[in-house]
Amino acid sequence: MIRAGRRHLVRTLADIAQQLGIAEQTLLNTGRHREPGFPRPLGAGRTRLYDAEQIAAYLDGRPVPALPDADDDEDLLDRQEAAALRGESTAVWDRRRQDPAVRAHTVVICGVEHWPRHIVRDYTPPPRRRTAQGG
């Protein structure tokens, strides 16, 4: 999750590799991003996103600062986090996120869709329409 007010600090592995002056594939091949103490990704998705302040501290050899831990209505959740918050599978959330009431609030960061916590939490799906039973 991207904590409220921190979306400008989001970085990808490609950004981190560029900061190190190496190719992204070199970063992946060396496994540096899996070393002890390397900051954890911000979400559970395929595209790994990181907090720039944590990355800078790690690369400078300083202690990695903790991210805010208080939930905020403006936290941005990826699809796995949104599904977990609602107690649904990602397949169910994938259908729900197509609703215009949710779609209007989609925020794409580094190619990854996110939704504000309050939208995910408060979304109520429209009632299902019953179809006439013909005979």
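Just so it is clear, the values below take in all heavy atoms, side chains as well, and ignore hydrogens, waters and symmetry mates.
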Of all heavy-atom pairs linking Ala44 and Gln80, the shortest is O-NE2, 4.1 Å
Note: Ala101 and Tyr123 closest approach over all heavy atoms is CB-CE1, 4.4 Å
When rounded to the nearest 0.5 Å, the distance separating NE2 of His33 from CD1 of Ile16 is 9.5 Å
Requested in this report: State plainly whether the residues Asp51 and Arg3 are in salt-bridge range, i.e. N to O under 4.0 Å.
Outcome: no
Distance-only, no hydrogens or angles: does the Glu113 side chain make a donor-acceptor pair with backbone N or O of Val108 under 3.5 Å?
no
When every non-hydrogen atom of Glu74 is compared with those of Asp72, the smallest separation belongs to N-OD1, 2.7 Å
Test side chain to side chain donor-acceptor pair (under 3.5 Å), reference Asp75, set Arg117, Arg6, His114, output is Arg117
Here the gap from Leu42 atom CG to Arg11 atom CZ, rounded to the nearest 0.5 Å, amounts to 11.0 Å
**Prompt:** Is there side-chain contact between Val92 and Arg96, with at least one heavy-atom pair below 4.5 Å?
**Reply:** yes
By side-chain hydrogen bond (donor to acceptor under 3.5 Å, both in side chains), Arg86 pairs with (sequence neighbours left out) Glu88
**Request:** Find out if a path of hydrophobic residues (ILVMFWY) with successive side-chain heavy-atom gaps under 4.5 Å connects Ile55 to Leu27.
**Result:** yes
### Query
Has the side chain of Thr26 got a donor or acceptor atom that lies under 3.5 Å from a matching backbone atom of Ile22?
no
Can Val120 be reached from Leu76 by stepping across I, L, V, M, F, W or Y side chains whose heavy atoms are under 4.5 Å apart?
no
Side-chain donor/acceptor pairs under 3.5 Å, residues 57-69, sequence neighbours excluded:
| unit_1 | atom_1 | unit_2 | atom_2 | d |
| --- | --- | --- | --- | --- |
| Tyr58 | OH | Glu35 | OE1 | 2.8 |
| Asp60 | OD2 | Arg62 | NH2 | 3.2 |

So the ring pair (Phe, Tyr, Trp, His ring centres under 6.0 Å) pairs with at least one residue in residues 75-107 (sequence neighbours excluded) are Trp93-Trp115
Gln98 (side chain) donor-acceptor with Arg95 (main chain) under 3.5 angstrom: no
Distance col, row Ile119:CD1 vs Asp99:CG, nearest 0.5 angstrom, shows 11.0 Å
Around atom CZ of Arg121, are there more than 12 heavy atoms of other residues, nucleotides or ligands at under 6.0 Å?
yes
**Message:** Within a 6.0 Å radius of atom CD on Gln18, are there more than 12 heavy atoms belonging to other residues, nucleotides or ligands?
**Reply:** no
Practice task
Any chance you could lay out the side-chain contact (heavy atoms from CB on, under 4.5 Å) test for Arg48 and Thr12, step after step, and finish with the verdict?
Solution key: CA-CA 6 Å; Arg48 294 181 210 125; Thr12 64; over 6 Å; no
d(Asp78 CG, Ile109 CD1) to nearest 0.5 Å is 10.5 Å
Value for CD (Gln19) from CG (Leu13), rounded to nearest 0.5 Å, stands at 12.0 Å
State yes or no: do Met1 and Val112 share one hydrophobic cluster built from I, L, V, M, F, W and Y residues joined by side-chain heavy-atom distances below 4.5 Å, directly or via other members?
no
Note to self: Any heavy-atom pair between the side chains of Asp94 and Arg79 that's under 4.5 Å?
What the structure shows: yes
Rounding to 0.5 Å, atoms CG (Leu20) and CG (Asp15) come to a distance of 11.0 Å
